[in-house]
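A note on names: the letters A, B, ... follow the listed sequences, proteins ahead of strands, and every chain is numbered from 1.
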Amino acid sequence: MIDLRLLREDPELIRASQRLRGEPTELVDDLLHADEARRAATQRFETLRSEQNSLSKRIPKASPDERAGLLARTKELAAEVKAADAEASAANEALRAAHLAVPNVVQDGVPPGGEDDFVVLREVGDLPAIDNPKDHVDIGEGLKAIDMERGAKVSGSRFYFLTGVGALLQLGLLQMAVAQAVEHGFVPSITPSLVKPESMEGTGFLGSHASEVYRLEADDLYLVGTSEVALAAYHTNEILDLEAGPERFAGWSSCYRREAGSYGKDVRGILRVHQFDKVEMFSFCRPEDAAEEHLRLLAMEEEMLAKVEIPYRVIDVAAGDLGSSASRKYDCEAWVPSQNRYREVTSTSNCTTFQARRLNIRYRDADGKPQTAATLNGTLATTRWLIPILENHQQPDGSVRVPKALQPYLGGRDILKPVR
RNA sequence: GGAGGGCUCGCCUAGUGGCCGAUGGCGCCGGUCUUGAAAACCGGUAUGGGGAAACUCAUCGUGGGUUCGAAUCCCACGCCCUCCGCCA
């Protein structure tokens, strides 16, 4: 939810943001009207309520003949108050709906345009020279690390088994991510994979992404698509102490995505799957620190990419391709030799106060006044990383070199050899 | 799944229809005293909305109801705790 005060002061700023995103500016005017309507309705209710309260207070002290008159009047008022209350509630709900419809204000400097209009900030590392690179499925099958066929047999398409060194590789990678996070002061966390509707709603995943989310009808719970959901909702309705700086978490969870509408897209291998594992960073900080924190999360991601020795590029995602909560988003895309192109492996978003406002997460400013906090999230490692790791480090004989930093997490192994 | 108990302002707690946005203690903040500290004493200490302000409205797990008036009475739901059963 955007800041309504900002909206009242400078509606044009919000309209400009909508234009950058390619979203209708009418939503902004709808919201303005809903805001005004709510204030008017609230005012009407409160005036009546105030009168009712003061008359009610006089009843016990009134003389018997006064009392009859007062009771008659208050009885009338009670009905009026009830009606005004209902109107105010309706106006409130209308405001909330209009409020939810407006995405976060795009940060200055975000490239305009859609999915393809990102700006490449930098390319890091040399692309490997591999003749006829195998893709991660072939390599993974050779290592008996990835079993797509049995994944499909047991669970359907877009499911897989990681076995042997595949399982070890994922565990090692994620453990290395957690270790790095801890080293940098993040609180390692293992989070619920099932959350209540409020948590899903509050983090903004039931908006345009609702069809991406698995829902357990019988229990009215949702499977999270990322531990961001649980981590963001962790502090719902709380006032945090951010005196000492941002509060940082690294959450480990399995992630579940329906991938509805992506039929036929990236069907091979583990690039786009219904279930994967991830270590996700999440920060709560003061709004004025959010931009700096965003760069810190990006630096964490790049540190991980350096450790696994994968060439990558960093992109500044265009306004039209931002999620509704994000004011800015940087993706790291790893080089995938078999596809001869870069693919997204991390994504870090600065949600400013948008997400925290919805979840009612605040902190105390220098004057001790509660203010809405800012939230940020970013990927540290996921199952998907196995793709560039296997492919970039593949050897002609089908074995895979283990990056040095990862070796301690794989029992000291420096090479993964095919299993006949 | 069954039976019982509970949910009040950071924590503990008082409060069975109007004098209650709510008692007291602890904690925390400020002050007095002290060379400094402790103790003692005094004062302060929820959040949100509207309003330039005075002020006003809402909130005692959540939602409804009764009533002129609800923390207090009624109904439903949620969560926590204890015990029994079941599963692991």
Checklist entry - What distance, rounded to whole Å, do you find between the two P atoms, one in U62(B) and one in U67(B)? => result 23 Å
Checklist entry - Less than 4.5 Å apart, any side-chain heavy atom of His235(A) and any of Leu359(A)? => result no
Checklist outcome for this item: Of Pro60(A) and Ala78(A), the one whose closest nucleotide on RNA chain B sits nearer the 5' end is Pro60(A)
Checklist entry - In whole Å, what is the span from the CG atom of Asp35(A) to the P atom of G50(B)? => result 8 Å
Item to check | Separation between the P atoms of U23(B) and U16(B), rounded to whole Å | outcome: 15 Å
Checklist entry - Across all strands, who's sitting opposite A58(B) as a Watson-Crick or G-U wobble pair, both distances under 3.5 Å? => result U47(B)
Item to check | Pairwise C1' distance, A58(B) and A22(B) [rounded to whole Å] | outcome: 15 Å
Checklist entry - U8(B) and C60(B): how far apart are their C1' atoms, nearest whole angstrom? => result 4 Å
Checklist entry - What is the distance, rounded to the nearest whole Å, between atom CG of Leu4(A) and atom C1' of G50(B)? => result 13 Å
Item to check | Contact summary for Leu162(A) and Gln170(A), nearest pair of heavy atoms | outcome: CD1-OE1, 3.2 Å
Next on the checklist: Without decimals, in angstroms, what is the distance between Leu55(A) CG and C68(B) P?
Outcome noted: 14 Å
Next on the checklist: By the 4.0 Å heavy-atom rule, please label Lys57(A) as base, sugar-phosphate, or nothing.
Outcome noted: nothing
Item to check | G30(B) to U13(B) separation - P atoms, rounded to the nearest Å | outcome: 29 Å
Item to check | With Leu206(A), the side chain to side chain contact (heavy atoms under 4.5 Å, CB included) member among Met200(A), Arg215(A), Glu212(A) | outcome: Met200(A)
Checklist outcome for this item: Atom NZ of Lys196(A) and atom P of C79(B) are separated, to the nearest Å, by 7 Å
Next on the checklist: Without decimals, in angstroms, what is the distance between Leu48(A) CG and A58(B) P?
Outcome noted: 12 Å
Checklist entry - Is Arg357(A) touching bases, backbone alone, or none of the nucleic acid, heavy atoms closer than 4.0 Å? => result nothing
Checklist entry - Who is the Watson-Crick or G-U wobble partner of U34(B), with both distances under 3.5 Å? => result none
Checklist entry - If pairing requires Watson-Crick or G-U wobble contacts with both distances under 3.5 Å, which nucleotide is the partner of G17(B)? => result none
Next on the checklist: Measuring only the C1' atom in each nucleotide, how far is A46(B) from G21(B)? A whole number of Å is fine.
Outcome noted: 9 Å
Checklist entry - Do the ring planes of Phe159(A) and His274(A) sit parallel (below 30°), tilted (30 to 60°) or perpendicular (above 60°)? => result tilted
Please tabulate, one pair per line, each protein N/O and nucleotide N/O from nucleotides 44-48 of chain B that are separated by under 3.5 Å, including the distance.
residue, atom, partner, partner atom, Å
U47(B), OP1, Arg364(A), NH1, 2.8
U47(B), OP1, Arg364(A), NH2, 3.2
U47(B), O3', Arg362(A), NH1, 2.7
G48(B), OP1, Arg362(A), NH1, 3.1

Checklist entry - Which is true for Glu76(A) with a 4.0 Å heavy-atom rule: it touches a base, it touches only sugar-phosphate, or it touches nothing? => result nothing
Item to check | Smallest separation among heavy atoms of Leu216(A) and Leu194(A), with atom names | outcome: CD1-CD2, 3.3 Å
Checklist outcome for this item: By salt bridge (charged side-chain N to carboxylate O under 4.0 Å, His left out), Asp10(A) pairs with (sequence neighbours left out) none
Checklist outcome for this item: Regarding the side chain of Asn53(A), the nearest nucleotide among G50(B), G18(B), A58(B) is A58(B)
Checklist entry - Is the shortest heavy-atom distance from the side chain of Val402(A) to the side chain of Leu416(A) under 4.5 Å? => result yes
Checklist outcome for this item: Testing G18(B), A58(B), G50(B) for proximity to the side chain of Arg38(A), the answer is G50(B)
Checklist entry - Taking the six-membered ring for Trp, are Phe284(A) and Tyr234(A) ring centroids under 6.0 Å apart? => result no
Item to check | C11(B) - base-pair partner by Watson-Crick or wobble geometry, distances under 3.5 Å | outcome: G25(B)
Item to check | Nearest listed nucleotide, side chain of Arg39(A), among G69(B), G51(B), G65(B) | outcome: G51(B)
Next on the checklist: How many whole angstroms separate atom CD1 of Ile59(A) from atom P of G17(B)?
Outcome noted: 17 Å
Next on the checklist: With a 3.5 Å distance limit and no angle check, can you tell me whether Arg258(A) reaches the backbone of Ser211(A) through a side-chain donor-acceptor pair?
Outcome noted: yes
Next on the checklist: On the nucleotide G51(B), are OP1 or OP2 found under 4.0 Å from the side-chain N or O atoms that Gln43(A) carries?
Outcome noted: no
Next on the checklist: If I pick the P atom on C57(B) and the same atom on C7(B), what distance separates them, to the nearest angstrom?
Outcome noted: 29 Å
Checklist entry - If you measure from the C1' atom in U34(B) to the same atom in A39(B), how many Å do you get, rounded? => result 11 Å
Item to check | Base-pairing mate for C83(B) - Watson-Crick or G-U, with both contacts under 3.5 Å | outcome: G2(B)
Item to check | Nearest-Å distance for atom pair CD/C1', residues Glu80(A) and C68(B) | outcome: 13 Å
Item to check | Nearest-Å distance for atom pair CZ/P, residues Arg49(A) and G69(B) | outcome: 8 Å
